[in-house]
Structures are given as C-alpha cells and as structure tokens.
Chemist: 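The following block contains the structure, expressed as structure tokens.
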Amino acid sequence: MTLVAGVDSSTQSCKVVIRDAETGALVRQGRAPHPDGTEVHPSHWWSALLRAIEEAGGLDDVAAISVGGQQHGMVCLDESGNVVREALLWNDTRSAQAALDLTTELGGPQAWADAVGSVPVASFTVTKLRWLAEHEPDNARRTAAVCLPHDWLSWRLAGALATGPFDAAAWQDAPPPPLDRLATDRGDASGTGYWSPATGAYRTDLLKAAFGAVPLLPRVLGPAEHTGPIGGHAGASGQVLIAPGTGDNMAAALGVGARSGDVVVSLGTSGTVFAVAESPSADPTGAVAGFADATGRFLPLVCTLNAARVMDAAARIAGVGLDELSDLALQAPAGSGGLTLVPYLEGERTPNRPTATGSIHGLTLATATPAHLARAAIEGMLCGLADALDALALRPERVLLIGGAARSEAVRRIAPTIFGVPITVPPPAEYVANGAAYQAATLVTTPDWHAEDTRSYDGEAVPEIRTRYARATRHILD
Ligand SMILES: Nc1ncnc2c1ncn2[C@@H]1O[C@H](COP(=O)(O)OP(=O)(O)O)[C@@H](O)[C@H]1O
Ligand SMILES: O=C(CO)[C@@H](O)[C@H](O)COP(=O)(O)O
C-alpha cells in the first residue's frame, strides 16, 4: 500500500490525515490547535503541524505530502529566511484603509477585477503589505521574500525532510532551504492580489505600487508539479514528494470532489461559498473573489468572516455546549419569533464592513430565551451565506455543506429554509486535509477515491427571515 499525507493548516487548528493513495482509505490522523488571534507567528503553525504529524504516526512510510492552508496570510521573511514579524491573517482587518487606498489608486474596483480577478479587501495579502510599508517601514525594509501560510509550511517541510526521518524535536529547528526554493500554487497565489488567474502570472507592478518594492515571490507550481523528491529515507520509493499544496478552500473543493454544477458552502472560521468554474471571473462589486483552483481551473468564491465562531459565541452566551445549542435552536420556531442576529462579530468582509460589530434585533419578552438566541445565531450566520450564494449567481444542481459547523443538526435542518434549496451533507470529515492528500496521491498514482454517502436535507423556505435580516444589517454599530 502506498501512503500519502494531507495537511489542513487552517485558522483554528492543524489536521493531518494519512490515506491509502490508491483507494483514499483513512489509515491514521492527528490534529493540534493553533493560537487565537488575527496575527500569529508562523512558528506556531510549524509546532502544531509537527504535533499533528506525530499524533498521525509520523511520515516515514509516506510517499508524498501536500499542505492546504488558510488563504491570504502575510508571511514576511528576511534574507536569511527568518520570519520578520507575526503573520497577519485573512481575518485581520487593520489593512481596510489600505484596501480602499489601493482600489482608488488603480482606478477603481473594475480595474482590480480586470487585473487580478478580485477587488482587494483587508483579507488580501497585497493590502497587508501596503499596511506594513506604511506602519512598520523597518519590517518592510527587512522583507526579502513574501509567502503564504501553506507556502511557508511546505518550505519548512522541505528543509526538515532533508535532515532525516520524522522526529518532531529534531525537525522543530531544522534549517529551511534557500529562499528561492519557496513555492506555491495557482489557488493560493490567486488570493494575494498580485497574481492573475486569467494570465497565470504575477503582477509585480501592482506589488511594487502597493509595497514600494518587489520581494522574492514563491514559484507558482502547476497541479502536477512537486518540490521533491526529498530525503533518502521514506516512502515506497525511498523519497518523499512535496505536492504544490493550495489554499484551504481549493483543497476542500478537491476533497469533496466538487464537480461542475456543485456549490460548496463551508462553515469553518470563515463562511465560504464557492464553485468550480472553467473560466476566470472578475466581479467589480467585490463580492465574488475570482480565485483559481488547484486543478488548473477556477474557483469563484464569496467569503464571510463570521461562521462557526458565531455558534461558539452563542453557546458561550447561553452557557451550553455546541450539541445543546443545536438542540435548543430546533426548539425555537423558524424565524426565532422575530429575533434577528447580525453576526458581524469580527467585522465583516462580504459585505465589506471591516469595523462593524454584531447586533441583536427584535428582542421581546417572548424571544428572550436561550432557544430563540440559539436559532437566531444560526439563522443570522446562514443569512450571510445565503447572500453569498446569491452573489455567485449560479443555479446549483447540488449545494454541499461542509466545515466544522456543518456537524450541527440544527444547521443542516435550518439551511434549506434560509437558502431556499435542498442541501447535501457529506459525512463529517476533514475535507481540506483530504483534498490535500488527494493532490499528493496524484503524484504517485491514479487515485480512485470513491465519494462517501451523503445525506439530503430539505425544508420549506421562509423568505421573511432574510427580509428581516436585510433590514437589520442596515442598523449596526461600527
Ligand atoms: N457540532 C458542532 N456544531 C457547531 N459547530 C461546531 C461543531 N463541531 C465543531 N464546530 C466548530 O467548527 C469550528 C472549526 O471548524 P473548522 O472547519 O475546522 O474550522 P477552521 O478550518 O477554520 O479551523 C469551530 O469553531 C468549532 O467550534
Ligand atoms: O479568506 C478566506 C477565503 O478567501 C478564508 O476562507 C481562509 O482561507 C480561512 O479559512 P478557514 O480557516 O475558515 O477554513
């Protein structure tokens, strides 16, 4: 049996799966948490990856590995390959003004959509680099290379694999390769704001205009390329291949086997709604980001900053666990008796309201119950994603629901009432890590991974919930 490893280095944690390359059968897995916060030193991701690999039984029998990672995060490296400062993550909104400035400087949203497929908001790496140049000029000057979370982890893995078999303690400080070995893929590159999915080339002119310099950028690998073979000690062929890796949403599309006609709704830290497309997109409203995918195609995507953690917050307020929150939500009526929760707990990205806060509307004596709060939280989270689904402007054949919060029975049952279409729920699994493992498998075999059984959920649409939500979003505090 040939084994491959897939990694999901996402916002809240790192997950590793080891699968049979031919069949996709799960052999082993591990996970480790990431620290909270919107700026995180990348060394925490490395430590978490090593812990997760250790829990997954190591890599010594693995032929190829691929890393899927949270998109957009700004990782700055100096000439020696040291991290210059904490990485600013996709959900860090301090560069919101920089995003506005860059949009104006290039001539408006349409110019950006034409140039790179997306209109920059605070999430995009290019806006974070502008922020760095303006607020931390010394750190900007020290920046010799810029990469993304998954690029950095793959690069550290290359250095570690070159030192010998997996050993968490020894790998912790393994020297990374030279900077020019940094590599990325089309999917993650498309979230920088300085790589064009339509032309497949960096727009270093935009980077220079934003940052004042053009640091070294990772080489963009095609889907079938790899950065190995590395080491002389592991895998069926005695060496480990490192696949291109990709952004976590692109990896999820691979993991869930998204095909034409599918729309995927992912409820992790972020809420994302995306579809595989044959041609690039360029939405000047900024709602749809025109990303590339991990297969050579494209991945138009809408992202909200507030998904699973809205439920975490509601559970905290109600003083219950997530399973009980789900039970409570199903005890309240559809529409929560008019209680409406606008979930802008981390500001918001779509719509672009970086300084917004969350709010609760329609509170009466009758709706002041934990059950109404639980349902309003889920309905509010899903209303934001229903708007995202509308923005994609597709007629999906299937709407697939994945991510941590898709484990909630209440979310599954309420989603069709908000989206107005039935939803399909694959079995709970780590679809980002699975997609990464699938990418790794394509380097060593022709994988024949069968889709697992899905469950369907249907329910009558309740349009008033979205109407009331739309009214409530006009009355929030910044
Ligand atoms: N049964 C559940 N009900 C609701 N939320 C859940 C449940 N299980 C996990 N979650 C939430 O899912 C989130 C993690 O999902 P995940 O997709 O792994 O996020 P990320 O990839 O952004 O780190 C956490 O906020 C967690 O509380
Ligand atoms: O910024 C985006 C997509 O553009 C986010 O989807 C990040 O990629 C983080 O993902 P999760 O940690 O929520 O999976």
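One-based numbering, in listed order, for ligands and for the atoms of each.
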Chemist: For ligand 1, which atoms sit closer than 4.0 Å to a heavy atom of Met311?
Modeler: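 In order of numbering, the contacting atoms are 4 (C).
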Chemist: Heavy-atom distances under 4.0 Å are what count here, so tell me which part of Thr269 touches ligand 1: side chain, backbone, both or neither.
Modeler: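 Under 4.0 Å from ligand 1, Thr269 contributes backbone and side-chain atoms.
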Chemist: At less than 4.0 angstrom from any non-hydrogen atom of Ala308, what atoms of ligand 1 do you find?
Modeler: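 Those qualifying, in numeric order: 11 (C), 12 (O), 13 (C), 25 (O).
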Chemist: Compute the shortest N/O to N/O distance between Ser10 and ligand 1 and return yes if it is under 3.5 Å, no if not.
Modeler: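 The answer is yes, given that Ser10 and ligand 1 share an N or O pair closer than 3.5 Å.
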Chemist: May I have every N or O pair linking ligand 2 to the protein at under 3.5 Å, one per line with atom names and distance?
Modeler:
unit_1	atom_1	unit_2	atom_2	d
ligand 2	1 (O)	His72	NE2	3.3
ligand 2	1 (O)	Arg349	NH1	2.8
ligand 2	4 (O)	His72	NE2	2.7
ligand 2	4 (O)	Arg349	NH1	3.4
ligand 2	4 (O)	Arg349	NH2	2.8
ligand 2	6 (O)	Asn249	ND2	2.9
ligand 2	6 (O)	Ser270	OG	2.8
ligand 2	8 (O)	Gln71	N	3.0
ligand 2	8 (O)	Asp248	OD1	2.7
ligand 2	8 (O)	Asp248	OD2	3.4
ligand 2	10 (O)	Asp248	OD2	2.8
ligand 2	10 (O)	Ser270	OG	3.4
ligand 2	12 (O)	Thr11	N	3.2
ligand 2	12 (O)	Thr11	OG1	2.5
ligand 2	13 (O)	Thr269	N	3.3
ligand 2	13 (O)	Ser270	N	2.7
ligand 2	13 (O)	Ser270	OG	2.6
ligand 2	14 (O)	Asp248	OD2	2.8

Chemist: Would you say Thr269 and Trp90 make side-chain contact, with heavy atoms under 4.5 Å?
Modeler: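 Thr269 vs Trp90: side chains touch.
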Chemist: Go through the structure and list residues passing ring pair (Phe, Tyr, Trp, His ring centres under 6.0 Å) with His41, not counting sequence neighbours.
Modeler: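 With neighbours one apart ignored, the set is empty.
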Chemist: Under the salt bridge (charged side-chain N to carboxylate O under 4.0 Å, His left out) criterion, do Asp387 and Arg466 qualify, and how do the steps go?
Modeler: CA-CA 9 Å; Asp387 291 346; Arg466 290 190 63 192; 2.6 Å; yes
Chemist: Starting from atom 7 (C) of ligand 1, find the nearest protein heavy-atom neighbour and note its residue, name and distance.
Modeler: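 So the nearest neighbour among protein heavy atoms is Gly404 O, 3.4 Å.
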Chemist: Just to be sure I read this right, does ligand 1 sit under 4.0 Å from the backbone of Gln12, its side chain, both, or neither, counting only heavy atoms?
Modeler: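 It is both parts that get close, each with some atom under 4.0 Å.
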Chemist: Please examine the side chains of Tyr438 and Asn434, heavy atoms only from C-beta on, and report whether any two atoms are closer than 4.5 Å.
Modeler: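 SC-SC contact between Asn434 and Tyr438 ruled out.
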Chemist: Please check if any side-chain donor atom of Asp101 sits under 3.5 Å from a side-chain acceptor atom of Gln97, or the reverse.
Modeler: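 The answer is yes; a qualifying pair exists.
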Chemist: Check this for me: does any side-chain nitrogen of one of Arg28 and Glu54 sit under 4.0 Å from a carboxylate oxygen of the other?
Modeler: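 Looking at Glu54 together with Arg28, the answer is no, because their closest N to O distance does not fall below 4.0 Å.
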Chemist: Using a plain distance cutoff, I'd like to know if Asp312 has any nitrogen or oxygen under 3.5 Å from a nitrogen or oxygen of ligand 1.
Modeler: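 N/O-N/O distance below 3.5 Å exists for this pair.
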Chemist: Examine distances only and state if a side-chain atom of Asn306 and a backbone atom of Glu346 form a donor-acceptor pair shorter than 3.5 Å.
Modeler: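 Such a contact is found between Asn306 side chain and Glu346 backbone.
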Chemist: For the pair Arg186 (side chain) and Asp293 (backbone), establish whether a donor and an acceptor sit closer than 3.5 Å, ignoring hydrogens and angles.
Modeler: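 Pair found, side chain donor or acceptor close to backbone of Asp293.
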Chemist: Applying a 4.0 Å heavy-atom criterion (strictly less than), which segment of Lys15 is in contact with ligand 1: side chain, backbone, both, or neither?
Modeler: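 Contact part for Lys15 vs ligand 1: side chain (C-beta onward).
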